[in-house]
Amino acid sequence: MRVVRLASETDFEGWRVAARTLRAEAVEPAQALWTVDGGQASLFPADAPQSPEAGTGGFKVSRAFVDLAGRVALHRSPERFDLLYRLLWRLEATPRLLEIASDPDVSLALDMQSQVNRAVHKMKAFVRFREVEAQGGLETFVAWFEPAHRVTEATAPFFTRRFSNMAFSILTPDVCAHWDTQALSFTPGADPADAPAGDDLEAYWRTYFASTFNPARLRTAAMVREMPKRYWRNLPEASLIPEMTRAAGDRTTAMVEKAPSEPARRIVRAPRADGAALGAGDGPPSSLEAVAAGVDGCRRCPLWRDATQGVAGEGPAEARLMIVGEQPGDQEDLAGRPFVGPAGQVFDEALSAAGVPRNEAYVTNAVKHFKHQLRGKRRLHKTPEAPEIEACRWWLDAERQIVRPRVIIAMGATAARSVLGKATPIGKLRGQALQLEDQAQAVVTWHPSYLLRLPDRAAKAKAQAEFIEDLRFAWSLANAAVEA
Ligand code: URA
């Protein structure tokens, strides 16, 4: 039996070095025992491999395996390192093993990967900082968080990018992350008692949550899935959930009885003081926040005149999948968010049927202002034309540059034109992987509004099934192995 002692629970680099050595020495998985040395850096004691540089005897693994293994290593399962070594061992005889989703080892690893990805996502969404006494003249914040898996070290850089000018610590039972605006460091895990009690920010979170809560769209099961109860303890806004859920029925009735939204609700925005057409002479923005601000002030085409606001995309800046629609509709124009109206409902249902978590994709539109014509008090959608699509492509290109998705799915002809740079027949090309110049791949599919409009039931069912199939395909492509 060969015993490997890793330096910590998340010592993936240690695992890689040891696994490579064991593999080169033909140590079978059943003969390898993976242990963690409680933080002591003694990777290779006497009974473990002595030659980490020995290599694998020419055996190379794909980038996909390394990506998968890096995530699985963060899972709390004590079996994770054994499982990874077993997979590594089997990959030599079966190089395409990872494509066999029914294989028990592969299936377990994929499940563990998605649980870890979910834990990363939840950490990004649910860490809540509380202000503490300033340190060295810097505003300082502390958060207590209990991640479902050991994702603190992997997720901390996200917070340093987002809050680069703010000193903070994220305390967890596993490890604590500290950012002093210059360097990120880690210390051993902490106790909940080390975390500060509430502050004024709590009230902010509660107000924000209450104002974004739409009782008419309340689906309790989906809400608990999105915001699992294990995180409620540290979320100031969670204390509102029971009462808001209870009152949702009455509030929905009141909303239905109220008049429908009208153009009069438009927010009239002051033009930029310098009158400049933002985005015309400026360089491309380098953050999604800058895109959102820029889109709202954009004068690259006349569509801004009749719209309430520019609607930029939303989603993680590191999303592997970008989903592009046509343009905001009436409700998106008022809400300032893509796909929240009737097409958004079709879209959400299809995503859920395809197993694509919306919050892991970057969702945007080819055109960022609502093109419409007034009919009485109603604002009727008008399809954007080529010059408008072309003008707005600058913003989509900026979003593509920042997010760098592996796959872009274009829904409908406008999105396809913008993503591919030319008119593209959806019926002919849908569901295929199309290579783009920037290394990403594109998939074109139907627009959800097209499904809503199809009068024939059979045609609608067929297009709906194709739409779901295309979303599923794009998602699997976005998560597929990339060869090293
Ligand atoms: N249709 C779109 O193409 N995008 C939206 O955001 C809403 C409806």
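Remember, it's 1-based here, ligands and their atoms both numbered in the order they're listed.
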Using a 4.0 Å cut-off to any heavy atom of [X], which atoms of ligand 1 qualify?
X	result
Gly325	3 (O)
His447	1 (N), 2 (C), 3 (O)
Pro338	6 (O)

Within the 4.0 Å heavy-atom cut-off, what Glu326 brings close to ligand 1 is both
Give the residue and atom name of whichever protein heavy atom lies nearest to atom 2 (C) of ligand 1, and the separation in Å to one decimal.
Gln327 O, 2.9 Å
of all protein heavy atoms, closest to atom 4 (N) of ligand 1 is Asn365 OD1, 2.7 Å
Inspect the contact between [Y] and [X] and indicate whether a charged nitrogen and a carboxylate oxygen are less than 4.0 angstrom apart.
X	Y	value
Lys368	Glu388	no
Glu469	Arg472	no
Glu326	Lys371	no
Asp67	Arg406	yes

Are His75 and Ser77 close enough that a side-chain donor and a side-chain acceptor fall under 3.5 Å?
no
Sub-3.5 Å N/O-N/O distance, Pro328 and ligand 1
no
Return a yes/no value for Arg337: is any of its N or O atoms, backbone included, closer than 3.5 angstrom to an N or O of ligand 1?
no
Strictly under 6.0 Å, is that where the ring centroids of Phe163 and Phe141 end up?
no
